[in-house]
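Below: one structure, written as structure tokens.
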Amino acid sequence: MNVVVCCDHHFDRSPDGAIWAHGPLTRSFWERYRPIFDKVRLLARVRDVPRAPEGEQPANGEGIEFIPIPDFTGPTQFLMRKRAIAEAARGAIRNGDAVMLRAPAVMGKCLLPDLRRSGRPYGMEVVTDPFDVFGSKSVQHPLRMFFQWSFVRSLRAQCARACGVAYVTEYALQRRYPPNPKAFATHYSSIDLPASVFVDAPRTGPIGRPARLLLVGTLAQLYKAPDVLLDAVAEVVRGDVPVELTIVGGGQHQRELEERASQLGLGGCVRFTGNLSTPADVREELDRADLFTMPSRQEGLPRAMIEAMARGLPAIGSTVGGIPELLPAEDLVPPNDAPALAARIREMLGDPARMARASARNLAKARDYSQDVLTPRRLALYSHVRERTEEWLRKMGRR
């Protein structure tokens with residue numbers, strides 16, 4: 001049996017038909033469905049490009065194919081192409097494949113009426129919260145509140161009807177989007193940490209030089225709040241605490257953030273790397289850093305923070321999404337609060353013993369997200385969805 005996986009991410013297609021991805025959603029990511037399903041068919045946005053994009057990795061290959069839907073960016077383009085998107089989505093699930101929705105996604109909204117009418121079972125992987133995605137500090141659009149209401153309502157309905165649901169959080173997303181009481185429910189991060197990415201021991205001792213702060217995240221949107229971090233770093237520097245900041249990630253906001261850093265007088269102590277090509281490049285930046293910072297405006301469960309913790313990095317994060325499941329209260333700050341973030345950075349850097357405790361605690365916590373822990377949970381969900389789909393097909397006389 002094959003599986004159709006619906007997701008909202010952008011992919012690029014070069015003239016030779018190869019599909020390319022930036023970030024973690026490369027071919028190896030989709031291979032995780034293959035122990036249960038014969039083929040993975042990805043229903044996703046695909047745009048044609050003249051050549052293989054620099055820094056992107058292959059996303060398709062043997063056993064992994066794409067079902068492109070019309071590409072769109074933002075709410076306005078989605079509304080303009082909604083009918084074509086819905087038709088493509090419905091066409092993709094007309095055969096006997098199992099269906100998995102990576103949510104929130106517009107395909108889930110488009111497919112839910114058909115899934116409900118047919119009684120067809122489907123599984124879900126809830127990876128972030130549309131309530132925060134469409135929050136007032138994350139999106140500036142005249143229809144923001146409508147989209148927030150619509151996507152929250154739809155995701156609740158999708159979770160309530162799914163035969164199996166996995167959440168990236170242990171409890172945060174479950175509270176807002178509960179599963180059906182009869183459904184198979186579990187939780188696992190989309191991260192995939194082999195034993196080789198964990199450091200052997202936590203970090204200890206004082207730094208003895210300007211502290212190196214690090215943020216890892218896309219700059220295509222301002223969900224990770226790099227602007228808030230820049231404001232906080234400026235306040236820290238004005239307080240005579242020497243720091244250097246590296247921001248890993250690229251996107252449309254990089255230029256304006258570079259200008260903001262310059263206006264704040266941080267030109268000499270902020271470095272923008274843009275998108276890095278490989279996980280090894282990101283780990284090199286993690287190992288250079290002294291403190292990981294993620295003052296996000298919205299999150300599911302941040303992969304980048306878990307990766308930082310696996311390298312023994314102390315971390316500061318905001319009180320959104322699943323971040324409080326990773327860090328204790330003393331390492332958290334409210335979102336959109338640069339003064340509170342600056343104060344927390346100063347506290348952490350001024351206390352080497354606290355830094356050492358945080359390193360040890362984070363390394364131990366990251367082991368909860370290792371392959372050995374998460375893989376059995378994933379496969380249990382996929383097996384359940386396959387079994388329920390086979391039962392439905394037999395009932396419908398299609399097997």
Side-chain angles (χ1 to χ4, degrees), residues 199 201-217 219 222 224-250 253-274 276 281-296 302 304-305 307-318 323 326-363:
V199 295
R203 306 180 185 207
T204 59
I207 297 170
R209 51 168 168 72
R212 296 169 181 164
L213 311 183
L214 179 66
L215 170 67
V216 178
L219 302 183
L222 296 178
K224 304 293 183 182
D227 51 332
V228 175
L229 179 57
L230 288 173
D231 291 348
V233 168
E235 188 169 331
V236 170
V237 171
R238 286 194 295 269
D240 293 327
V241 178
V243 297
E244 300 171 354
L245 171 64
T246 296
I247 297 180
V248 173
H253 293 288
Q254 181 170 335
R255 180 60 61 85
E256 69 187 69
L257 290 168
E258 290 173 343
E259 293 175 356
R260 188 187 193 106
S262 178
Q263 292 167 0
L264 290 168
L266 299 175
C269 58
V270 178
R271 179 170 64 102
F272 292 84
T273 69
L276 298 181
D281 293 332
V282 177
R283 283 196 294 274
E284 183 176 338
E285 293 294 340
L286 293 171
D287 291 342
R288 290 183 69 254
D290 302 303
L291 178 62
F292 188 81
T293 53
M294 185 165 278
S296 301
M305 178 171 283
E307 291 169 354
M309 293 165 67
R311 306 306 290 181
L313 262 178
I316 295 172
S318 58
I323 294 179
L326 299 175
L327 301 178
E330 65 179 5
D331 296 342
L332 297 172
V333 295
N336 301 302
D337 193 335
L341 178 59
R344 193 70 83 211
I345 291 171
R346 286 193 295 264
E347 291 171 9
M348 184 77 83
L349 296 180
D351 190 342
R354 177 176 170 179
M355 295 272 285
R357 289 195 304 271
S359 175
R361 182 178 57 239
N362 290 356
L363 178 56

ask   = Could you go step by step and tell me if Arg357 and Asp331 meet the salt bridge (Lys or Arg N to Asp or Glu O under 4.0 Å) rule?
value = CA-CA 11 Å; Arg357 289 195 304 271; Asp331 296 342; over 6 Å; no
query = Between CG of Leu215 and CG of Leu230, what distance do you get to the nearest 0.5 Å?
reply = 9.0 Å
inquiry  = When you compare the side chain of Leu327 with that of Met305, does any pair of heavy atoms fall below 4.5 Å?
reply    = yes
query = Does the side chain of Arg209 come within less than 4.5 Å of Asp290's, by heavy atoms?
reply = yes
task = Mind checking side chain to side chain donor-acceptor pair (under 3.5 Å) for Arg212 and listing every partner two or more places apart, or none if nothing turns up?
result = none
Donor-acceptor contact below 3.5 Å, side chain Thr246 vs main chain Arg271 = no
task = Report the distance from atom CG of Asn336 to atom CG of Leu341, rounding to the nearest 0.5 Å.
result = 11.0 Å
inquiry  = Between Ser359 and Leu313 (side chain of the first, backbone of the second, donor and acceptor by atom type, cut-off under 3.5 Å), is there such a pair?
reply    = no
remark   = For Lys224 and Ser296, the nearest pair of non-hydrogen atoms, with its separation, is CD-OG, 3.7 Å
remark   = Output for pair (Leu286 CG, Met309 CE), nearest 0.5 Å, gives 12.5 Å
task = Give every residue pair that meets the side chain to side chain donor-acceptor pair (under 3.5 Å) criterion with at least one member in residues 259-269, sequence neighbours excluded.
result = Asp231-Arg260
ask   = If you count the non-hydrogen atoms of other residues, nucleotides and ligands that lie under 6.0 Å from CZ in Arg255, is the total more than 12?
value = no
task = State, to 0.1 Å, how close Gly312 and Val199 come at their nearest heavy-atom pair, and which atoms those are.
result = N-CG2, 3.9 Å
ask   = For Pro328 and Leu332, which heavy atoms make the closest approach, and how far apart are they?
value = O-CG, 3.4 Å
ask   = What are the two closest heavy atoms between Ala232 and Ala338, and how far apart are they?
value = CB-O, 3.5 Å
ask   = Within a strict 4.5 Å, meaning less than it, do heavy atoms of the Asp337 and Val228 side chains meet?
value = no
query = Side-chain contact, heavy-atom cut-off 4.5 Å: Met348 with Arg354?
reply = yes
request  = Please examine the side chains of Leu219 and Phe272, heavy atoms only from C-beta on, and report whether any two atoms are closer than 4.5 Å.
outcome  = yes
ask   = Considering residues at least two apart in sequence or located in another chain, which fulfil the side chain to side chain donor-acceptor pair (under 3.5 Å) criterion with Arg311?
value = Asp287
message = Would you say that Ile323 contacts Ser318 through its side chain, given a criterion of any heavy-atom pair below 4.5 Å between the two side chains?
response = yes
task = Check whether any side-chain heavy atom of Leu257 lies under 4.5 Å from a side-chain heavy atom of Ile247, and answer yes or no.
result = no
request  = Working to the nearest 0.5 Å, report the span between OG1 of Thr273 and CG of Leu214.
outcome  = 8.5 Å
message = Checking Val241 against Leu349 for the side-chain contact (heavy atoms from CB on, under 4.5 Å) test, could you report, in this order, the C-alpha distance in whole Å, the side-chain angles of both residues, the deciding distance, and whether it holds?
response = CA-CA 9 Å; Val241 178; Leu349 296 180; 4.3 Å; yes
task = Decide salt bridge (Lys or Arg N to Asp or Glu O under 4.0 Å) for Glu330 and Arg361; before the verdict, give the C-alpha distance in whole Å, the side-chain angles of both, and the deciding distance to 0.1 Å.
result = CA-CA 13 Å; Glu330 65 179 5; Arg361 182 178 57 239; 3.6 Å; yes
key: Closest heavy-atom pair and its distance - Ala304, Met294   = CB-CE, 3.9 Å
request  = Kindly give the heavy-atom pair with the smallest separation between Leu229 and Pro295, and that separation in Å.
outcome  = CB-CG, 4.1 Å
